[in-house]
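All chains are named by letter (A, B, ...) in the order of the sequence lines, taking the proteins before the strands, and each is independently numbered beginning at 1.
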2 protein chains.
Amino acid sequence: MLNYSEIDSILRALVEPTRRQILEKLSRGPATVSQLAEPFGMTFAAVLQHLQVLEACGLIRSEKIGRVRTCRIEPGGLAPLADWIAERRIPAERHLDRLGQILAETDQSPPKVQDQEKDEQT
Amino acid sequence: MLNYSEIDSILRALVEPTRRQILEKLSRGPATVSQLAEPFGMTFAAVLQHLQVLEACGLIRSEKIGRVRTCRIEPGGLAPLADWIAERRIPAERHLDRLGQILAETDQSPPKVQDQEKDEQT
DNA sequence: GGAATAGTTAAGCATGGACTTGAGTATTGC
DNA sequence: GCAATACTCAAGTCCATGCTTAACTATTCC
């Protein structure tokens, strides 16, 4: 059983493009907070906040030695999300087959699908 | 090559718990807008907006027959995100092995990791 | 010991997105 | 045709979150 709020926190962390870029950068090797902050047109404090979010949900890990904090990817960090997706893809892939279509028409009662993609008014 | 903004729109869609619940419900079979709106303590219009977000990023599909719009899961909808994760897990899994540790210590220069988890002031 | 460096925290602003309300349109049943 | 149904759209409110500023702490170098 997956923890619902774990998925939630991982998704909230990943939805922010800056944080995905940080992950990208860390996946090429560990880096200090200042090294990470440098390329972004953003203050030190902002990057630090992103790092805290990433660490809180287990996507990265960091340790402070002296006055320098070094961050690195947490290897299994994306696993819960990968599992969540896997769980949902299998049953989803079954609907929309013949069976799914038949169930759709007999169960709920949309008269009949005469012509797919008839609307699409964006 | 994955489209960056595609991942972005999928993550933005999934980060909202209500939308994940809608997906959950649809994965058990197609449903009309009113059927989806019913169980949530939320207006029709709000649910409709969620459905539009889900459809815009390809996670669901809908068709209108008469005055009834029926929604269903788009089978391959989660595939881009699954791929994105897969791409990032493989290289990430390599760091944090012996090699990653060694690179971390020789490349950037944190003197030496004498004692892991020394800080942790939440 | 004092200045410079590296990071930390808190407060405040600003934007985006979820949700509501309310009015409008198309379809169905009588 | 007219009312009810099922959905659609636009505008507005409100709150969460990203970012900044500014003050603060802990280390290192001289």
Counting N and O atoms only, with roles assigned by atom type, does the side chain of B/Lys25 sit under 3.5 Å from a partner on the main chain of B/Gln35, one being a donor and the other an acceptor? yes
Using the side chain to side chain contact (heavy atoms under 4.5 Å, CB included) rule, take A/Cys71 and A/Thr32 through it: C-alpha gap first, then chi angles, then the decisive distance, then the call. CA-CA 6 Å; A/Cys71 305; A/Thr32 67; over 6 Å; no
Figure out the CD1/P separation between B/Ile65 and C/dT28, and round it to whole Å. 10 Å
A/Arg67 side chain, from C-beta outward: closest of D/dC7, C/dG7, D/dT27: D/dT27
May I have the list of side-chain donor-acceptor pairs in residues 43-54 of chain B shorter than 3.5 Å, sequence neighbours left out?
from: B/Thr43; atom 1: OG1; to: B/Ala46; atom 2: N; distance (Å): 3.3
from: B/His50; atom 1: ND1; to: B/Arg19; atom 2: NH1; distance (Å): 3.0

Nearest heavy-atom contact between A/Leu14 and B/Leu11 is O-CD1, 3.5 Å
Over all heavy atoms of both residues, which pair between A/Leu26 and A/Ala31 is shortest? Give the atoms and the distance, please. CD2-N, 3.7 Å
Nearest heavy-atom approach of A/Val15 to A/Arg20 is O-NH1, 3.3 Å
Do you know the tightest heavy-atom contact between A/Asp8 and B/Pro17? OD1-CG, 3.8 Å
Please report the distance, rounded to the nearest Å, between CZ in B/Phe40 and C1' in C/dT20. 17 Å
Need to verify one output field. Residue with the more 5' nearest nucleotide on DNA chain D, A/Gly66 or B/Ser34? B/Ser34
A/Arg20 has an atom CZ; how far is it from atom P of D/dG18, in whole Å? 12 Å
To the nearest Å, how far apart are B/Leu48 CG and C/dG22 P? 18 Å
Nearest to the side chain of A/Thr32, heavy atoms from C-beta on, is which of D/dT8, C/dT8, C/dG7? C/dG7
Where do N or O atoms of nucleotides 17-19 of chain C meet protein N or O atoms at under 3.5 Å, pair by pair?
from: C/dA18; atom 1: OP1; to: B/Arg19; atom 2: NH1; distance (Å): 3.4
from: C/dA18; atom 1: OP1; to: B/Arg19; atom 2: NH2; distance (Å): 2.7
from: C/dC19; atom 1: OP2; to: B/His50; atom 2: NE2; distance (Å): 2.3

Return the value, rounded to whole Å, for the distance between atom CD of A/Gln35 and atom P of C/dG7. 8 Å
Can you measure A/Glu63 atom CD to C/dA6 atom P for me and round it to whole angstrom units? 18 Å
Atom CG of B/Leu51 and atom P of D/dC7: how far apart are they, to the nearest Å? 10 Å
Could you check how far NZ of A/Lys64 sits from P of D/dT28, rounded to whole Å? 10 Å
